[in-house]
Amino acid sequence: MASKLEALQHWVNDVAALTRPAHIHWCDGSDTEYQSLVRQMLADGTLIELNQQTHPGCYLHRSNPSDVARVEQLTLVCHPEQEDAGPNNHWMAPADAHAKIDALFDGCMEGRTMYVIPYCMGPIDSPLSRCGVEITDSPYVVANMKIMTRMGAAAQARIEREEAFVKGLHSTGELDPERRWIMHFPAEKSIKSYGSGYGGNALLGKKCHALRIASNQAREEGWLAEHMLIVGIENPQGETHYIAAAFPSACGKTNLAMLIPPEGYRQDGWKVWTVGDDICWMRPGTDGRLYAINPEAGFFGVAPGTSNSTNPNALKSVSHDTIFTNVAVTADNQPWWDGLPGEPVTDWQGRPYDPANGPAAHPNSRFTVSAKQCPTWSEKAEAPQGVPISAIVFGGRRPSLLPLVMEACDWTHGVLMGAAMGSETTAAATGAVGVLRRDSMAMKPFCGYHYGDYFAHWLSLDKAGAKLPKIFHVNWFRKGADGKFLWPGFGENLRVLEWMIERVKGTARGVQTPIGTLPARNELKLDGLALKPGQIDELLAVDNAGWQAEIEAIGEYLESFSPRLPERLRQERQRVADALDADATSPRTATA
Ligand code: OXD
Ligand code: MN
């Protein structure tokens, strides 16, 4: 017996009987195990060694070209009742789903090794953490899980103590898009994924467990599992405020989580601490505040666009002991993507680089790296009790209308802001790029149940004794008439975060508008920024007619979750619509 927990041992035996592997390997999570997997993958070509002088411990993996992103149309949430999955999920009846995918798993590991990976999402000794076991036939998945989670013997010991774990079964199968499913069974706390070896489809601790299954668990247990970064902002007085922020995929969460303060701020002693870049689990503490942990131990970041000017901390993090997936390679065998100096000679598919074949690195190419390698990594990421959250931020890529920043007038309004948020689509999922898609709380691909019930769950946190964070909405992506971004973004975003902290402390007054509180003129520190006259007014302008159309569109969107749309949210939308109407007849401007 490899585990003294019967439920675990039985499940592993059952999976082995179905998939019929040649060997079974229980992962202990040791460095020796990792190194031996790397050697094996170098030998069979799963990994390619990169330049060990410039990038010690770095390897490249090229995925199958038909397997380069999450596949939302093949991702199912199989609640017993279809209604519970909601219009935001694809659904199949659990019995049908099991039958369909088990037929694929039948004998799929013949001649292969089956790896059993016990893992813990969150600090190993935190009461907020939850455990799982992934069974996979992919050594690439094992190596990534070693970086992305607390994986191995300590996790197994916790599972055996708690007798609770999420079951995740994965096989790369034939990597045939026609034989690919990512299925979730929230009632059974289990996941089955077949036919993809890529990121969120295959590293089951990440999107499948820490978001889709955990969002269900969180609802049952009174907490939140969110698609959010967690960043600590330390002011010159040494106070640190933690901010959790939700942006749709590939909108700069990793950049914000590792932000470098602008020069003047650095001189004044501002510091930024990275707790997480993608997922945040938050739970009310005994004092009523929300406390957050990052369930992950690493970053699975989008490589293109990560450069010395956009995110030097990420670049430093990936200078050693990193797995790259689908990046290009230079003549001297260094990893390469758009934004880096040098020239690609080999593209992500291993072909001599030819611009006619498209970008050298795949737009969704990734790095997998331990969070501890980040120069701004926060030791608080290991704190069992988590970090107290001062502000929650929502945002998206909105070329027009949405101001640089606005604050919700209360929790209900904040939930409306989160529910209404949207973004132009990016390369992180398959499908059209550049189309506006509403993506409530950035959870559209990840919320494991009906969005109407999810909004109600968010609203339910607002109860007697709760000391909830303030909620803000930001838009770093507003464009001027010339089509250029109005706000410089990146490190300069700290100016906006500072205003939020001032609002949390009660030292900035802001200006009330029908859509929320915006910074008053002079409340945002802009010294050292080369903004044109009028540019900040444009960034903070509230176009009443545009907002009237937006609030109508938000109403239509929210009604798509009827009859489960909470009445409180419907009324809140009406309140904002009425405020816009009133303002149209006696206008105010945000910067007045
Ligand atoms: C991710 C995503 O990979 O959100 O983090 O797509
Ligand atoms: Mn993400």
Of all residues at least two apart in sequence or in a different chain, which pass the side-chain contact (heavy atoms from CB on, under 4.5 Å) check with [X]?
X	answer
P384	D125, S126, P127
S193	H170, I182, L204
L565	F455, L558, E559, L569, R570
D462	W411, T412, L468, R568

Sequence neighbours left out, what pairs pass side-chain hydrogen bond (donor to acceptor under 3.5 Å, both in side chains) with at least one residue falling in residues 441-451? none
Show me the side-chain donor-acceptor pairs of residues 97-115 shorter than 3.5 Å, one per line, residues at least two apart or across chains.
residue: H98; atom: ND1; partner: K192; partner atom: NZ; Å: 2.9
residue: H98; atom: NE2; partner: E188; partner atom: OE1; Å: 3.0
residue: H98; atom: NE2; partner: E188; partner atom: OE2; Å: 3.2
residue: D102; atom: OD1; partner: K192; partner atom: NZ; Å: 2.9
residue: D102; atom: OD2; partner: K192; partner atom: NZ; Å: 3.4
residue: D106; atom: OD1; partner: R20; partner atom: NH1; Å: 2.9
residue: D106; atom: OD1; partner: R20; partner atom: NH2; Å: 3.4
residue: E110; atom: OE2; partner: R20; partner atom: NE; Å: 2.9
residue: E110; atom: OE2; partner: R20; partner atom: NH2; Å: 3.4
residue: R112; atom: NH1; partner: D137; partner atom: OD2; Å: 2.8
residue: R112; atom: NH1; partner: T172; partner atom: OG1; Å: 3.1
residue: R112; atom: NH2; partner: G173; partner atom: O; Å: 3.1
residue: Y115; atom: OH; partner: Q40; partner atom: NE2; Å: 3.3

Which residue pairs pass the ring pair (Phe, Tyr, Trp, His ring centres under 6.0 Å) test when at least one of the two sits in residues 60-96, sequence neighbours left out? H61-Y140
Return the set of residues passing side-chain hydrogen bond (donor to acceptor under 3.5 Å, both in side chains) with D67 (not counting sequence neighbours), or none when no residue passes. S196
Apply side-chain hydrogen bond (donor to acceptor under 3.5 Å, both in side chains) to D14 and list each qualifying residue two or more places apart in sequence or on a separate chain. none
For the residue pair W273 and Y242, is the inter-centroid distance of their aromatic rings smaller than 6.0 Å? no
Not counting sequence neighbours, which residues clear salt bridge (charged side-chain N to carboxylate O under 4.0 Å, His left out) with [X]? List them please.
X	answer
E33	none
R212	none
D278	K206, K207, K253

